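The next block holds one structure in the form of structure tokens; read it before the comments.
Keep in mind that what you see is a predicted model, and the values were worked out from it rather than measured.
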Amino acid sequence: MQIPPLPAHEAERIQTLHALKLLDTKSEERFDRVTRLARRLFDVPIALVSLVDTDRQWFKSCYGLTSRNAPRETSMCGHAILGDELFDVPDAQADPRFADNPLVTGLPHLRFYAGYPLKARNGMKMGTLCILDTEPRTLNDDERQLLQDLGAMVEDEMISHNSATTDPLTGISNRLGFEQLACRTLALCQRHDWPAVMLFMDLDGFKALNDKSGHAAGDTLLQEFAQLLLRNFRDTDSVGRMGGDEFAVFMPNCDSEKVLAIMQRLEAGLRTLNAAHPGWNVGVSWGKAHLLHQPTSILGLLHEADQAMYTVKRAKRAS
């Protein structure tokens, strides 16, 4: 097994990593949403945001592994941070650097690794966004670009403050965080010619609930509805609170049939919430906008979906 050598300027790199104040912190949706997206898009069992510390790698976001720590000396991420480009290992069993690595010979029996080195503002590599599989694999050029694009999303979040992109009440993205992630995802859709749908939602009966039961009940509704969104939409979808009782979801590689099925489940979930909370009588109005092939923007799709939602809401009030 080849132990990864230390990068140049290791002391400065470690100082930069610790200054980010990300190590040993709680999981955060702003990172988890990218690893979920990577796992789904690449169809792999494991996706990580790995930070390479002095003698360990620590996983800020971890899907597919039970532990959030691993020794640095056995890590493939330790090799990945030595360069500027994506680092991949198509078949670890056939690679003399990793063939006798305990992560290859034992659980989780890794065969494939690809990691994009995450850079801080000063250019130091903090760790990787990486995907792993128990089967050999080779990434094509489009897939390599896709992983780099997702890594850029993590870099954006790594150097920003959580409060800037996360809604403190619900824990999901706020408007700024949603627009940033959705813009990145839109670029992926346009590059790979994927269809996509933007949804805009407004809770029916929210003001009446606030007036009748108080703001604490309204806050509980917003929190539970946010969790309902996360449970019902796909790992690849971007979910955000736009403000007040308005929410948006951007759905890459999606069509109207999938949207309808998910919204039917969401509306059923709202009915269950109403039944669990006496006095609640809350629904949702929603509109959608489709990504077409002409140039467009996230703000344009949000506006179109918002207008469609208000058309639905006005029709409900008139009936």
Side-chain angles (χ1 to χ4, degrees), residues 26-30 32-33 36 161-182 197-251 254 256 258-289 298-299 301-319:
K26 295 179 180 180
S27 297
E28 297 180 54
E29 174 62 18
R30 62 193 181 118
D32 290 346
R33 62 197 176 203
R36 288 197 306 265
H161 294 290
N162 183 27
S163 59
T165 58
T166 301
D167 175 54
L169 178 63
T170 63
I172 64 174
S173 297
N174 62 15
R175 176 180 283 272
L176 175 62
F178 175 82
E179 289 177 358
Q180 288 179 350
L181 181 61
V197 177
M198 177 71 77
L199 299 180
F200 201 97
M201 306 178 203
D202 183 89
L203 290 172
D204 302 328
F206 176 75
K207 184 178 183 302
L209 177 66
N210 261 345
D211 292 344
K212 177 182 177 182
S213 302
H215 290 287
D219 287 350
T220 298
L221 168 61
L222 294 173
Q223 291 167 335
E224 296 208 25
F225 185 71
Q227 291 304 306
L228 200 60
L229 292 174
L230 294 177
R231 288 196 300 272
N232 283 279
F233 282 89
R234 308 167 304 166
D235 291 345
T236 51
D237 301 331
S238 305
V239 175
R241 182 185 176 200
M242 299 294 98
D245 61 345
E246 295 180 333
F247 296 81
V249 182
F250 185 61
M251 306 177 68
C254 186
S256 292
K258 289 179 184 176
V259 171
L260 183 58
I262 291 174
M263 288 306 300
Q264 287 173 341
R265 293 200 304 269
L266 185 71
E267 289 169 340
L270 260 182
R271 290 193 292 272
T272 300
L273 279 183
N274 285 332
H277 295 273
W280 284 25
N281 184 25
V282 180
V284 61
S285 294
W286 58 280
K288 67 183 188 321
I298 286 299
L299 293 180
L301 290 170
L302 277 170
H303 177 74
E304 184 179 344
D306 185 20
Q307 292 302 302
M309 181 275 294
Y310 272 106
T311 298
V312 171
K313 206 167 186 71
R314 283 193 295 268
K316 286 183 178 180
R317 289 170 178 165
S319 62

Q.
Using the rule given for side chain to side chain contact (heavy atoms under 4.5 Å, CB included), can you reason through Phe247 versus Met242, listing the C-alpha separation, both sets of side-chain angles and the distance that settles it, and then say yes or no?
A. CA-CA 5 Å; Phe247 296 81; Met242 299 294 98; 5.9 Å; no
Quick one: side chains of residues 258-271, donor-acceptor pairs under 3.5 Å with protein atoms, not counting sequence neighbours, listed by atom name and distance.
residue	atom	partner	partner atom	Å
Arg265	NH2	Asn232	O	3.1
Glu267	OE2	Trp286	NE1	3.4

Q.
Arg241 and side chain to side chain contact (heavy atoms under 4.5 Å, CB included): which single residue from Thr166, Asn174, Leu222, Leu229 fits?
A. Leu222
(Q) Looking at Glu29 and Arg36, is any side-chain nitrogen of the basic one under 4.0 Å from a carboxylate oxygen of the acidic one? (A) yes
Q.
Side chains of His303 and Phe200, heavy atoms from C-beta outward: is any pair under 4.5 Å?
A. no
Q | Minimum-distance pair of heavy atoms, taken over all atoms of Ala248 and Leu302 | A | CB-CD2, 3.8 Å
Q) How long is the gap from CG on Leu273 to OG1 on Thr220, to the nearest 0.5 Å? A) 10.5 Å
Q: Rounded to the nearest 0.5 Å, what's the gap from OG on Ser238 to CE on Met198? Could you check?
A: 8.0 Å
(Q) With a 4.5 Å cut-off on side-chain heavy atoms, are Phe250 and Ile298 touching? (A) yes
Q) Where do Val239 and Ile172 come nearest, in terms of heavy atoms and distance? A) CG1-CD1, 4.0 Å
**Q.** Full working for side chain to side chain contact (heavy atoms under 4.5 Å, CB included) between Met251 and Leu199
**A.** CA-CA 8 Å; Met251 306 177 68; Leu199 299 180; 3.8 Å; yes
Q: Taking atom CG of Asp219 as the centre, report whether more than 12 heavy atoms of other residues, nucleotides or ligands fall under 6.0 Å from it.
A: yes
Q. Would Lys316 and Ser285 count as a side chain to side chain contact (heavy atoms under 4.5 Å, CB included) if you check the C-alpha gap in whole Å, the side-chain angles of each, and the deciding distance to 0.1 Å?
A. CA-CA 9 Å; Lys316 286 183 178 180; Ser285 294; 3.0 Å; yes
**Q.** Passing option when Asp202 is tested against Arg317, Lys313, Arg314 for salt bridge (Lys or Arg N to Asp or Glu O under 4.0 Å)
**A.** Lys313
Q) Measuring from Lys212:NZ to Asn281:CG, what's the distance to the nearest 0.5 Å? A) 8.5 Å
Q. Could you give the distance from CZ (Arg231) to CG (Leu228), rounded to the nearest 0.5 Å?
A. 5.0 Å
Q) Are any of the side-chain heavy atoms of Ser213 and His277 separated by less than 4.5 Å? A) no
Q | Minimal non-hydrogen separation, Asp32 against Ser27, with atom names | A | OD2-CB, 3.7 Å
Q: Over all heavy atoms of both residues, which pair between Thr170 and Ala226 is shortest? Give the atoms and the distance, please.
A: CB-CB, 3.6 Å
**Q.** Beyond-backbone contact of Val282 with Leu221, side-chain heavy atoms, under 4.5 angstrom
**A.** yes
**Q.** Residues Arg175, Asp167; criterion side chain to side chain contact (heavy atoms under 4.5 Å, CB included); working and verdict
**A.** CA-CA 8 Å; Arg175 176 180 283 272; Asp167 175 54; over 6 Å; no
Q.
Show the nearest heavy-atom pair for residues Ala289 and Ala305, with the distance to one decimal.
A. CB-N, 3.8 Å
Q: Indicate the atoms forming the closest heavy-atom contact of Lys288 with Ser256, along with that distance.
A: CE-OG, 3.7 Å
